[in-house]
Structure formats: structure tokens, C-alpha cells
Amino acid sequence: MNKKEDMNIVIVGHVDHGKSTLMGRLLADTGSLPEGKLEQVKETCRRNSKPFEYAFLLDALKDEQSQGITIDTARCFFKTEKRDYIILDAPGHIEFLKNMITGASRAQAALLMIDAKEGVQENSRRHAYMLSMLGIQQIAVVINKMDLVDYSQEVYEKVKKEYLEFLKQINITPKFVLPVSSFQGDNIVKQSDKMPWYDGMCILEVLDAFECEEEHDKQPFRMPVQDVYKFTRNGDDRRIVAGTIETGTIRAGQEVIFYPSGKKSHINKIESFNTDPIKEGKPGMAIGFTMKEQIYITRGEMMAIAGEPQPKTASRISANIFWLGKKDFVPGRLYYLKIGGEKVRVEVEEVKGVIDSSNLSSTDTKQAVEKHEVAEVILKTDKPIAFDTVKESAGTSRFVIVDNYEIAGGGIITEALEDEESEIRSSAMLRNYKWETGEISLESRIEHYAQRPELIVLTGEKNTGKKDLAKALEKSLLDSGRYVYYMGIVSYLYGVGADTKSGGDEDHKEQIRRFAEVANLMLDAGMILIITATRLTESDRKIMKAVIQKDMDIFWIGDEVSTDIKMDMKLKDSEYDYEKNIRKIRTLLKDKGILFR
């Protein structure tokens, strides 16, 4: 027997336009409620002298019942002969738009509810815009509460015309428009005889007429890494890469690549908790994998299968966002971007255009995005992220922006953009893919040395005691049993970098790149590496980070900072107090978990 299709549908619309009632009616009229549930709710209403509403089947929370609004996304399940459905009821009240984004983020299709009596409201427009932003193309406009306008065809056509004109401006063409009365059950699971002028489908037929996206298991494999678990008890030395499969399928033995690092391995075994052995990982599975070749990866990377279309990687992206924050979204301020399992610092490089989502007034001169505005922006993350564009895969193109610990906006990535380090990152990814690993994993080195590999950079003006401090720090760490090495840039320049000393900008970039490649080798050996260089800039830091693909600790030595480099700490001229500076550096290393035991 063939498994039926699955489909996620989101129902959105202005507050009190009948979304919960429609869901309740669908459940009741398709026999999908638990036995006795309908009678129980009706009896509760009778005892409280309250008129029965189908929405009460869903709005179980006391706050929701008392206020008469849905404040979180409710889910319900029902079946037709064709499909198994998950229906998501997204909040309509303006204050709960953030919850609506969450509800709609995994939907394949949407029902947009409009109250025939109230007509098109501000949130009716905003919700449509957010569906467009989330890449949801299959939409049916449901003009509800036709019983309140005496099933008037004239009212229906007027509301339909107004809303379709708006949707056309945001490039949405609904597949269906239909009149219903959720409360009376008209055109929900069967045709109504109260609107003879309408000869189209009912809601149930519309749902079955939506087309399933290309089956997720037929798309390229994508799994954001949520965590990496290491087992140590009872001789169990497994290291399990865990996450939820977004698209595609996977089996043991397949070669996988992790992005943005480009590191490769082969699946050794599919792991799951308290289940029968799994031969194939499929979309939606929360699952884990052990690897044949032990590589060091972290939360936030994207797992893909070699030979399939690969995700994009970039630190500059073009995106469409919908802003919900209390403060404006502006250049010059740091935010966090969350996509898949990754969370990175991000800033606005440019606001290319802003649109008010309720009236579609637009401007390309604003450099601030205000609450409830939609904008096309260029964003810069502080390290590369892995993603697909919305045209390639909506699910792995979606992200949220966090401002001050709150989700303040959401959006989709439309394009990966070049930056100054793109070519260097591509080379580093190719290097990682071709890397020959030994039998000793980096985790084993970390356990053996009781430290994590780290690059410590001391920079500043000439004659500020950088080298002396570096050597004293090296000795201090070695005396406490650490695996540590000091390398000054001069040692490199007269060896590996001997052919790059002419002094031009391109030679300088190549010097920094090669210097970072040498550092990467030593970090892979599990070492704490201390380097010194005069007046490093932010451009130098970005090149080094693109090569080693991890953060480093940067200390400026001296009273005056004379470049634009982003640093962890400024230290006084080392000549005056080595011990105090060494204590500060060691404290930072311990706080970051670099030194343990």
C-alpha cells in the first residue's frame, strides 16, 4: 500500500476573520476529532451560558478563551483520501505577527481568510506579504462569514476584486478564491446550496487540489547540524553528528560535505534513540550519524551529499526581510541572524528599498526599516553561512533576526554576494575537501593536551614589546603543560613568504593568506599558536579568519589603537608589566574554554 502524501497548510488572516472556526469546522465535519470532544465543548458552553463556537475546539488556553483571539500557532491533523494534512492556525492580531511567521515557515500552501462583512484589513495585506516573503506560492483566498452578508454575490465580488488587485502588486496570484461560511458549514466539506451563483470547489476540494512541492526526499540532501555529541562511558567512543533532515535522503556509506567549512567524510552508521535500526534517513527525521573519517565540525554547519547540488556559502547576502522589532533595523548596529542551526552576528550593509506592507508605498532613499515594513537589504555576517536561495529551496533560505534577545524580523535569502574573502574561502573549502586525515582526530588531540587549539594574535605599533610578551606567554603556557608555539611574522617572511616581499597590496594579502595557512596546519595539530605582527588591519583579520575558519584572540599592545582591526582586548605596553598582561590573556583563554584541567 502506497503511503499517502503529507502537506502542511497555514491559515492566516486578520484577527477574528474566522481562522480557528474554519479549523474547528474542518475537524468536526471530517470526523477528525477525538471521540466525544465536540459534545464536551458544547456542554461546557451550555453550562457557562456561552454560545458554542467551533473555534473553542482549538482555543483551549484560558487566555485565548477570555480574549477571544488565538495567541500562538495551533496545529491540527486530519486526513482526506488523498492526503494527511497538518493545518496551522496562525495568529491574526497585529501583536502576534511574529508567531504567524513561525507558523507559516514550514507550510507548503496557505489559506488567506477575509471577513466578507469587514472586508480587506491592514493585517490582511501584511499576512499576504509575509507569505510572499516566506516563499509560499500556493494560496487560496477564502472569503468567510458569507452568512453575515446574506450570501451576497455582489459583496463577494467587491471584496475579491479589492484583494486580488493588492495581491497582484506583490506578485501573488491565488490558485483559488471561494466564498464560505465556516460557522454555518457552507462550502467547507461540501458544496452549499445557499450560493447558487458560485460553482467552484469547497475548502476540502481546494486543499486536495493544491500541488505537493517536489517531494522533499527527492531534493538535494540538507541537514543543519544542531549539535555534535561525544560519548565516553563504558568504552563508547562514538561522536554523533545530530540534526533534523530538511530535504533529501541519506544512507550509510555515502560521502558527505559540511558547509561552509568544506570538510568531508563518509557516513558510517545512522544513529537514532530507542528505535529499530534505520537504513535510510528521510526528511523530517531527527537523527544522528557517526562518521568513518573523524573530522572536526561544529553546530551550524550544513550537511550535504557529495555529487548533489551544493548549498551556497557567503558572508554577504541579498535578502528580503519583514521587520517587527521595537527599534528600527539600521546599518551600523549589530544583530544576530539565525538560520538552520547557526547563529551569527550580522549587520546591515545597505537598505536597497523599503515598502510599507499595508499600503505598498515604497522608497529607495531610506536607510532604516521601521516596524511592519518590508525591505530589500544587503546583510554582512561576521563569518560565512551555508544556505540555499529561496528559488532553490525555501526552507533553507529562511532566517530570523534577533535584536536584544527577541526575534525582531524574518526573511528569505535571494542571492549570495561576493566579498573580498570569497576567493580565499573557496580555496580553503577545496583544501578541506582534499585534506588527508590521519588516524588521530582533533578531538583526541584536544583530550590529550587538555586544551583546544587557538590562534593568539598580538599586534600593535612597533617597539611596544609584542615579541617579548609573546615569548613570555609561550613560556608561561609551556611551564603549565600546554602544547604551545610562538611564531613571529619575520620568521615566516624569510621562509615560506620569501617571494612576497616586494611590498604591494596584493603581496601583502598573499603574505597574510600564507601566514594563516601555516597557522592552520599548526592548529590542526592541536596547538596553541602565538603570532606577532605590526599594525594588522581588519582586512588582515578577515583574510586569516577565512583561511583558518574559526575565531582567534586578538590583542592590541600599546596605548593608542591605530588601525581598524576588531580586537578582543587592548593591553598596555608590555614593557611595563608582562605578568599582568599574561594573566589577562590566560583568563580569557579559560573563559573561552580553551584551557581546561
Side chains of Asp388 and Thr396, donor plus acceptor under 3.5 Å
yes

Do Glu376 and Ser318 have side chains that approach each other closer than 4.5 Å (heavy atoms only, starting at C-beta)?
yes

Does Ser562 form a side-chain hydrogen bond (donor to acceptor under 3.5 Å, both in side chains) with Glu461? I'd like the steps, not just the answer.
CA-CA 8 Å; Ser562 56; Glu461 294 291 343; 2.3 Å; yes

If we ignore hydrogens and angles and just use 3.5 Å, is the side chain of Lys264 paired with the main-chain N or O of Tyr433 as donor and acceptor?
yes

Within this structure, what is the CG-CG distance for the pair Leu473 and Asp468, rounded to the nearest 0.5 Å?
12.5 Å

Could you tell me whether Glu406 and Lys326 have a side-chain N and a carboxylate O separated by less than 4.0 Å?
yes

Please report the closest heavy-atom contact between Ile582 and Ser476, naming both atoms and the distance.
CG2-OG, 3.8 Å

Short side-chain to backbone donor-acceptor contact, Asp564 and Glu538, under 3.5 Å:
yes

Is Glu510 close to Arg514 at the side-chain level, that is, under 4.5 Å between some pair of heavy atoms?
yes

Tell me whether the NZ or CZ atom of Lys343 lies within the 45° cone about the ring axis of Tyr336 and under 6.0 Å from its centre.
yes

Flag side-chain contact, heavy atom, 4.5 Å: Thr414 against Asn320
yes

Main-chain N/O of Ala546 paired to Arg513 side chain as donor or acceptor, under 3.5 Å:
no

Salt bridge check: are Glu421 and Lys545 linked by an N-O gap of less than 4.0 Å?
no

Name the residue from Glu392, Glu308, Gln310 that meets the side chain to side chain contact (heavy atoms under 4.5 Å, CB included) definition with Pro220.
Glu308

I'd like to check Tyr483 versus Ile528 (side-chain heavy atoms, cut-off strictly below 4.5 Å). Are they in contact?
no

May I have the step-by-step check of salt bridge (charged side-chain N to carboxylate O under 4.0 Å, His left out) for Arg333 and Asp328, ending in yes or no?
CA-CA 10 Å; Arg333 190 167 174 211; Asp328 294 352; over 6 Å; no

One pair to check against salt bridge (charged side-chain N to carboxylate O under 4.0 Å, His left out): Arg316 and Glu349. What are the steps and the verdict?
CA-CA 9 Å; Arg316 289 180 72 241; Glu349 178 181 302; 2.8 Å; yes

Distance (rounded to the nearest 0.5 Å) between Lys467 NZ and Ile489 CD1:
10.5 Å

Smallest separation among heavy atoms of Asn432 and Ser261, with atom names
ND2-O, 2.6 Å

Going through the checks in order, is the side-chain contact (heavy atoms from CB on, under 4.5 Å) test met by Ser444 and Glu439?
CA-CA 10 Å; Ser444 298; Glu439 293 297 318; over 6 Å; no

Are Thr244 and Gln226 linked by a side-chain donor-acceptor pair shorter than 3.5 Å?
no

Does Lys263 make a cation-pi contact with Phe258 (under 6.0 Å, within 45 degrees of the axis)?
no

Has Arg251 got a side-chain atom pairing as donor or acceptor with Glu280's backbone, closer than 3.5 angstrom?
no

Heavy atoms from other residues, nucleotides or ligands near NZ of Lys590 exceed 12 (cutoff 6.0 Å)
no

Can you name the closest pair of heavy atoms from Asp540 and Arg535 and give their distance?
OD2-O, 4.4 Å

Under a 4.5 Å cut-off applied to non-hydrogen side-chain atoms, are Lys434 and Leu430 in contact?
yes

Return yes if some donor-acceptor pair links the side-chain N/O of Glu373 with the main-chain N/O of Glu370 below 3.5 Å, else return no.
yes

Test Ile245 against Arg222 for side-chain contact (heavy atoms from CB on, under 4.5 Å), laying out the working first.
CA-CA 6 Å; Ile245 298 174; Arg222 298 287 187 268; over 6 Å; no

I need the minimum non-hydrogen distance between Thr249 and Pro283, along with the two atoms involved.
CG2-CD, 4.3 Å

Might you work through the side-chain contact (heavy atoms from CB on, under 4.5 Å) test for Met291 and Val256, ending with a clear yes or no?
CA-CA 9 Å; Met291 302 291 162; Val256 292; 4.1 Å; yes

Side-chain contact test, heavy atoms from C-beta onward, threshold under 4.5 Å: evaluate it for Ile407 versus Ile401 and give yes or no.
no

Glu423, CD: over 12 other non-hydrogen atoms inside 6.0 angstrom
no

Can you tell me if Gln451 uses its side chain to pair, donor with acceptor, with the backbone of Gly526 under 3.5 Å?
yes

Using the side chain to side chain contact (heavy atoms under 4.5 Å, CB included) definition, which of the options Val344, Asp403, Asn404 pairs with Tyr335?
Asp403

Would you say Arg239's side chain and Val228's backbone share a donor-acceptor pair under 3.5 angstrom?
no

Side-chain (Glu271) to main-chain (Ile240) donor-acceptor, under 3.5 angstrom:
no

Measuring from atom CD1 of Ile257 to atom CD1 of Ile297, what distance do you get when rounded to the nearest 0.5 angstrom?
12.5 Å

Around atom NZ of Lys550, are there more than 12 heavy atoms from other residues, nucleotides or ligands closer than 6.0 Å?
yes

Any side-chain donor near an acceptor of the partner, Gln254 and His266, under 3.5 Å
no

Can you tell me if Lys570 uses its side chain to pair, donor with acceptor, with the backbone of Asp559 under 3.5 Å?
yes

Using side-chain heavy atoms (C-beta onward) and a distance below 4.5 Å, is Ile378 in contact with Ile317?
no

Please check if the number of heavy atoms outside Glu420 that lie under 6.0 Å from its CD is greater than 12.
no

Hey, are the side chains of Ile530 and Val484 touching, using non-hydrogen atoms and a 4.5 Å cut-off?
yes

For Phe387 and Ala416 the tightest heavy-atom approach is CZ-CB, 3.6 Å

Indicate whether any N or O donor in one side chain lies under 3.5 Å from an N or O acceptor in the other, for Ser422 and Asp419.
yes

Lys383 and Glu342: side-chain contact (heavy atoms from CB on, under 4.5 Å), yes or no, with the steps?
CA-CA 11 Å; Lys383 63 179 182 179; Glu342 184 65 281; 3.5 Å; yes

Among Ile456, Leu477, Leu478, Thr532, side chain to side chain contact (heavy atoms under 4.5 Å, CB included) partner for Tyr486
Thr532

How many angstroms lie between atom NZ of Lys380 and atom CG of Leu334, to the nearest 0.5 angstrom?
11.0 Å

Roughly how far, to the nearest 0.5 Å, is the CG atom of Leu571 from the CD1 atom of Ile557?
4.5 Å

Under 3.5 Å: donor-acceptor pair, side chain of Arg482, backbone of Met527
no

Can you say whether the rings of Trp323 and Phe329 are parallel (under 30°), tilted (30 to 60°) or perpendicular (over 60°)?
parallel

Atom pair CG/CD1 of Leu588 and Ile594 - distance to nearest 0.5 Å:
8.5 Å

Determine the minimum heavy-atom distance between Arg425 and Pro384, stating which atoms define it.
CD-CG, 2.9 Å

